[in-house]
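First comes the structure, then the notes that go with it.
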Amino acid sequence: MRTYSSLMLLAALGALTGLAAPAMAQVDTSKWTCSTCPFEKNGVSGSVDVALGGTSGANAKYGEFSRLDRQGAHLVLAGEGRWRRDGSYARWSGSTDSGRLDLEYGQEGALTLKLGLAEVPHHVSNTAQTPFRDAGNGALVLPSGFPAASTSAMPLASTLQAVEIGTNRSRLDASATWATGSHWTHRVSLRHEVRDGTQGLSGSFFSSAAQLPVPIDQVTDVFEISTAYASKRLNASLAYQVSQFRNGLDAITWTNPFNPVVPGATRGMLATSPDNQFHQIVASGGYQVTPAIRANADLAVGRMTQDSAFLPLTTNSALGATLPRLFTGAFDGQVDTFNGSVRVTAQATERLRLHASYTRDVRENESSRLSYPLVATDMFASGATRLNVPYSFWQDRVKLGADWRGPAGLKLSAGLEEDDRERSYQETVTTRDASVWVRASVQVKPGWSVAAKLSHAERSNSSYGVATYIAPAENLLLRKFNLADRNRDAAGLRADLAVSENISLGLNADYANDEYSHSPIGLQSGRQVSLGADLSMAVSDETQLTAFAQGERIRSRQAGSQGLSVYSVADWSGRAEDRLEVFGFGVKHSAMKGKLNLSADFSRSRGNSDVWVDAGVNAPGFPTATSRLDSLKLQAVYKLQDKLSVTAAYAYEELRSADWRADGVMPNTIANLLTFGDQASHYRVNLIRLGMRYQF
């Protein structure tokens with residue numbers, strides 16, 4: 001089935017009319033319209049949606065990033081609109097469903113003003129329980145009946161209360177863009193974000209621990225001012241950016257729910273994210289050296305600072321009397337950043353294009369390095385000291401590539417890449433990751449194309465040593481996966497087939513394999529394989545069908561040691577395997593001569609995760625962690641009049657999961673761990689909505 005746009009049909013009709021003009025009467029075109037033309041007309045247009053909905057079975061997981069985290073009725077208001085008059089325009093859109101409102105006003109080529117409001121929720125759990133009460137100012141206290149020797153002896157039956165774990169971000173965005181002359185554009189933007197809610201953290205006293213409902217009170221302000229120049233051959237911009245983060249709570253304190261092991265260990269303290277600032281100057285530019293060669297460059301220089309006051313070494317007054325006095329004043333934290341890149345592209349011939357780039361990223365930590373007395377969970381001081389480690393890194397990346405267009409739809413691409421990194425205070429000083437790749441695509445026949453890509457990468461390090469600041473010392477045979485020598489091979493295949501005028505089919509396969517042959521202890525290997533297919537079919541002019549299926553398997557293997565010596569060899573191994581299968585289809589149908597539009601989407605996913613550990617003795621294996629998700633969405637829009645429509649929607653979603661790490665672990669299950677009691681997610685949700693849409 002071949003389709004033509006309205007604009008092409010009008011053009012063809014106009015050409016025929018011109019040829020036959022001597023024999024035809026004059027045609028009145030004053031009322032002709034082009035619904036697909038991109039030019040907006042003067043006036044007001046838009047739509048307004050009002051819908052009433054209800055959900056059953058909704059919970060925090062289902063509505064993780066929406067307002068559908070609980071069952072019940074809800075009202076949805078949404079709309080969008082446009083206004084235009086003689087070069088001035090305005091646009092607006094918003095929805096209570098997404099929690100967004102966007103406004104824009106402008107004058108073509110001269111001024112643009114934007115304002116955006118957003119409420120972004122993140123629901124983590126609404127089934128958590130805790131005996132802790134928020135007393136304000138970051139203090140978590142316990143009711144009478146605490147402390148106790150173990151969780152089984154705690155009065156949890158009468159003191160547990162439900163607590164919602166999650167956050168809400170309230171965001172305001174404002175910007176103004178204006179032009180001065182034909183080449184210059186300037187912009188000022190501001191973002192103000194407030195984040196509040198409750199997050200789950202953990203606090204411990206040596207061998208006992210508890211999950212804590214920690215309040216959040218954070219504000220982030222981001223400001224940017226920039227100017228840009230653009231001409232036929234040159235474009236350049238310069239910007240200044242500043243970000244300021246403020247935390248309403250410097251620290252949180254909590255009452256120890258367990259009997260103190262040593263006198264005075266009744267209250268703990270944890271530092272929260274400190275107030276900080278980030279200032280950055282950003283410059284970028286591009287220049288058309290010749291008609292065939294273009295060069296681009298980016299540069300950013302920044303500084304992060306943090307000067308929050310020190311917290312007490314301990315809240316245990318008996319222990320604090322034996323410790324030296326901590327530094328007065330605030331921590332002098334400073335990190336300088338540099339990001340720069342240069343890119344050149346050249347059209348060497350009509351068929352050959354070359355490109356090269358160099359990027360340098362630097363993070364230099366200039367923070368004060370101080371010696372702190374080592375205190376173990378407000379219980380005792382070992383007499384040792386610990387230094388804060390000012391980690392820094394320097395990264396250089398070089399990329400070279402070429403693209404060649406051959407005859408008969410043949411395209412070849414190849415490239416070389418090298419990533420060199422230098423680190424401070426880590427087990428290896430430098431790593432070098434070099435890779436080569438090649439990609440080829442060919443059009444077998446009209447509508448049939450096949451593309452394949454192969455790549456090989458090798459990472460090596462200068463030498464692997466020991467991080468001396470870690471106590472006790474790490475095993476000398478241990479290799480961290482991001483620093484260790486590694487060989488990586490990857491391959492990908494994609495085929496797009498136009499089976500007929502009405503049917504198109506896509507097939508894809510991907511493979512990746514990592515080998516860590518020089519890691520006596522640590523990650524040994526990782527392998528990933530995925531297969532997929534997608535289908536698009538025009539059953540008729542009124543009905544379209546899409547379908548997809550994807551399967552993926554990820555395997556990894558590692559070696560470890562239980563020995564206490566820093567030279568202990570591997571005496572156990574572990575394997576992990578994750579499997580994921582996803583299938584889905586969608587249907588769109590236009591009925592009743594276009595007055596009724598129907599759509600349906602269904603997806604099903606299955607995930608399984610297995611872990612095996614071999615320590616040389618017969619031990620029961622870990623249960624399989626599973627996840628089963630089914631989702632169905634139905635929508636209908638019936639046009640009552642040209643501007644008025646009835647909308648209806650139904651959604652069903654069911655999640656069934658099992659996770660041995662959480663299932664059955666209630667607040668009193670583990671003697672020395674007071675948990676929230678959250679279980680693996682299960683829900684079955686029905687959502688229905690009925691509304692009206694008015695277009696103007």
Side-chain angles (χ1 to χ4, degrees), residues 1-16 34-38 345 347-355 401-415 437-455 489-512 528-553 580-591 593-594 597-605 633 635:
M1 179 180 66
R2 181 172 297 177
T3 60
Y4 299 90
S5 71
S6 302
L7 190 59
M8 293 177 62
L9 292 174
L10 286 174
L13 181 60
L16 293 174
C34 176
S35 60
T36 61
C37 292
T345 59
Q347 194 70 40
T349 67
E350 183 180 354
R351 295 181 179 272
L352 178 63
R353 185 171 69 93
L354 306 175
H355 46 90
D403 302 305
W404 181 72
R405 292 187 298 108
L410 175 64
K411 296 180 181 179
L412 297 176
S413 300
W437 58 269
V438 60
R439 181 174 57 239
S441 63
V442 61
Q443 187 170 343
V444 181
K445 63 179 183 178
W448 289 55
S449 63
V450 179
K453 181 178 180 179
L454 299 174
S455 66
D489 294 295
L493 181 65
R494 172 73 188 185
D496 292 288
L497 313 174
V499 181
S500 67
E501 278 192 334
N502 300 334
I503 302 175
S504 60
L505 176 66
L507 303 172
N508 66 276
D510 293 281
Y511 169 84
Q528 179 176 348
V529 179
S530 64
L531 299 172
D534 53 85
L535 173 71
S536 178
M537 176 187 300
V539 181
S540 66
D541 290 343
E542 294 79 23
T543 307
Q544 293 80 40
L545 172 66
T546 59
F548 67 90
Q550 186 79 23
E552 187 172 10
R553 177 171 292 184
L580 177 66
E581 293 87 30
V582 182
F583 162 77
F585 65 85
V587 179
K588 291 184 178 180
H589 178 68
S590 179
K593 298 182 179 180
N597 292 318
L598 304 172
S599 65
D601 294 281
F602 173 79
S603 64
R604 167 171 289 182
S605 64
K633 296 180 181 179
Q635 289 184 321

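The model shown is predicted, which means the values in this text are computed figures rather than measured ones.
- Under the 3.5 Å distance criterion, the side-chain polar atoms of Arg405 are matched with a main-chain donor or acceptor of Glu350.
- Taking a cutoff of 4.0 Å between a charged side-chain nitrogen and a carboxylate oxygen, Lys633 and Asp601 do not qualify as a salt bridge.
- In plain terms, the two heavy atoms of Ala533 and Asn508 that are nearest each other are N-OD1, 3.9 Å.
- For His589 and Thr543, the side-chain atoms include at least one donor-acceptor pair closer than 3.5 Å.
- Contact between Leu354 and Ala402 at its shortest, heavy atoms only, is CD2-CB, 3.6 Å.
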| request: Evaluate the side-chain contact (heavy atoms from CB on, under 4.5 Å) criterion for residues Phe548 and Val582: first the C-alpha distance (whole Å), next the side-chain angles of each, then the deciding distance (0.1 Å), finally the verdict. | output: CA-CA 8 Å; Phe548 67 90; Val582 182; 3.6 Å; yes
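- Note that CE of Met537 and CD1 of Ile503 are 4.0 Å apart. Values are rounded to the nearest 0.5 Å.
- Taking OG of Ser413 as the reference point, atom CZ of Arg353 lies at 8.0 Å (rounded to 0.5 Å).
- Taken from CG in Leu412 to CZ in Arg351, the straight-line distance is 11.5 Å, to the nearest 0.5 Å.
- With values rounded to the nearest 0.5 angstrom, Lys453 atom NZ is found 15.5 Å from Arg494 atom CZ.
- Taking both residues in full, the closest heavy atoms of Gly492 and Asp510 are given as CA-OD1, 3.6 Å, listed atom of the first, atom of the second, then distance.
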| task | Determine, step by step, whether Leu507 and Leu493 satisfy the side-chain contact (heavy atoms from CB on, under 4.5 Å) criterion, reporting the C-alpha distance in whole Å, the side-chain angles of both residues, the deciding distance to 0.1 Å, and the verdict. | result | CA-CA 8 Å; Leu507 303 172; Leu493 181 65; over 6 Å; no
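- Shown here for Gly406 and Trp404, the closest heavy-atom pair between the two residues is CA-CH2, 3.4 Å.
- Nearest heavy atom pair, residue Ser590 against residue Gly594, reads OG-CA, 3.4 Å.
- Nearest heavy-atom pair, Asp496 versus Gly506, reported as atom, atom and distance to 0.1 Å: OD1-CA, 4.1 Å.
- Atoms OH and OG, from Tyr511 and Ser530 in turn, are 12.0 Å apart once rounded to the nearest 0.5 Å.
- A donor-acceptor contact shorter than 3.5 Å links the side chain of Trp448 to the backbone of Ala498.
- Using a 4.5 Å cut-off on side-chain heavy atoms (C-beta onward), Lys588 and Thr546 make no contact.
- With values rounded to the nearest 0.5 angstrom, Ser449 atom OG is found 12.5 Å from Leu410 atom CG.
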